Amino acid sequence: MQNSGIMNFTVLTIFPEMFDPFWEHGIVRRAIEQSKIAVSAVNIRDFAEGKHRVTDDRPYGGGTGMIMKPEPLAGAIRDARTKTPSSRTILMTPQGQKLDQHLARKLALLPGLVLVCGRYEGVDERIGHDLIDDEISIGDYVLTGGELPAMVLMDSVTRLLPGTLGGVDASEEDSFSDSLLEHAYYTRPRVFEGAEVPDVLLSGNHGEIEKWRLESSLIRTFLKRKDLLENRRLGKQEIEILKKWCRDIEKILYVQSFHSADTLSGNQ
Ligand code: 4FV
């Protein structure tokens, strides 16, 4: 089901002001202006008790660093879920499912997301019991907060919403859209510091251009992300291209066999 309505993003954070510059630029800004997405940043501190509105405390059992307290978080999550009941609540954490293009596409079908941004060493475990639907990680490294991961997720999802990338569905040509890396791109000038644009791209022959772009995607994926090729069902045209490479390599090896014979016979 394509997400034809407006998608709602609510971020829960102790630094809501971090999101303003993110929402004021580029494709995300236009998506807000085009009412493709609605965004709001909620300050978790607004749900903290006491005059100091404390949102963190020392870990039980000792240890360094502080932990995000459960009460302010629970208050903020319940408030957001009341305002957007159809949203899924996601905790950004290194412990989560790894964000990739496939997951981003699934998230883009949802009506809304509440993104919980932790700070300090992490959040109290009890928040996860019944207030968090999913945990998502942007990568196996530790950040100082969940705000940047929330922005990464919102950026990767927003550009997949119909019409946000200008073309009807420009994201179909994405890297990983069919788990191949994107082909090489060229733009003017035709010659840059002596390097020319491949002739086929100037030929106007769209069949040949498509073939060249597929081969460019395949070779880049082969050289940079062989794992993507190994777990991928190759199409007929792709198999033809890889077989052509094999034949080319066989030819080179065949010729090499003569060179080695020469060296052996000493007539360089
Ligand atoms: C993170 C990640 C991440 C952990 C402790 C915030 C930090 C701090 N989130 N993908 N990698 N979060 O490092 O999503 O509270």
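When a residue number appears, it is its place in the shown sequence, counting from 1. Since the structure is predicted, the reported quantities are computational estimates derived from the model, not experimental observations. Only this structure's heavy atoms are used, side chains among them; waters, hydrogens and symmetry mates stay out. Atoms within each ligand, like the ligands themselves, are counted from 1 in listed order.
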Check whether any N or O atom of [X], backbone or side chain, sits under 3.5 Å from an N or O atom of ligand 1, and answer yes or no.
X: Gly139; result: yes
X: Gly146; result: no
X: Glu121; result: no
X: Pro149; result: no
X: Thr144; result: no

> Which bit of Thr93 is near ligand 1, meaning a heavy atom under 4.0 Å away: side chain, backbone, both or neither?
Replying inline: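 Within the 4.0 Å criterion, Thr93 contacts ligand 1 through backbone atoms alone.
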>> Checking contacts here: is it the side chain or the backbone of Ile136 that comes within 4.0 Å of ligand 1, counting heavy atoms only? Could be both or neither.
In response: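 Answer for Ile136: backbone.
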If you look at every heavy atom in [X] and [Y], which pair is closest and at what distance?
X: Val11; Y: Ala150; value: CG1-CB, 4.4 Å
X: Trp212; Y: Pro198; value: CZ2-CG, 3.7 Å
X: Pro16; Y: Ala41; value: CB-CB, 3.7 Å
X: Leu99; Y: Leu153; value: CD2-CA, 3.9 Å
X: Val54; Y: Ala48; value: O-CB, 3.4 Å

>> Using heavy atoms and a 4.0 Å limit, tell me yes or no: is Leu99 in contact with ligand 1?
In response: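 No, that is not the case, since the closest heavy atom of the residue is not under 4.0 Å from the ligand.
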> Tell me, which protein residue and heavy-atom name are nearest atom 7 (C) of ligand 1, and how many Å apart are they?
Replying inline: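 In this structure, atom 7 (C) of ligand 1 has Leu143 O, 3.3 Å as its nearest protein heavy atom.
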> Considering only the protein, which heavy-atom contact is closest to atom 12 (N) of ligand 1, and what is its distance?
Replying inline: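 I find the closest protein heavy atom is Pro94 CD, 3.7 Å.
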Assess, by modelled atom type and distance only, whether the side chains of [X] and [Y] contain a donor and an acceptor separated by less than 3.5 Å.
X: Glu135; Y: Thr93; value: no
X: Thr144; Y: Tyr120; value: no
X: Arg81; Y: Thr89; value: yes

>> Surrounding CZ of Arg232 (heavy atoms of other residues, nucleotides or ligands, distance under 6.0 Å), is the total greater than 12?
In response: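 Atom CZ in Arg232 is packed in, count exceeds 12.
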Give the atoms of ligand 1, by number and element, whose distance to some non-hydrogen atom of [X] is under 4.0 Å.
X: Tyr141; answer: 11 (N), 13 (O)
X: Val142; answer: 13 (O)
X: Gly118; answer: 15 (O)
X: Tyr120; answer: 5 (C), 8 (C), 15 (O)
X: Met92; answer: 9 (N), 14 (O)
X: Ile138; answer: 10 (N), 14 (O)
X: Arg119; answer: 15 (O)

> Does NZ or CZ of Lys251 lie under 6.0 Å from the centre of the six-membered ring of Tyr254, at an angle within 45° of the ring axis?
Replying inline: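 Relative to the ring axis of Tyr254, which defines the angle, Lys251 lies outside at least one limit.
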>> If the threshold is 4.0 Å, N to carboxylate O, is there a salt bridge linking Arg225 and Asp227?
In response: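 Salt bridge between Arg225 and Asp227, a charged N being under 4.0 Å from a carboxylate O: yes.
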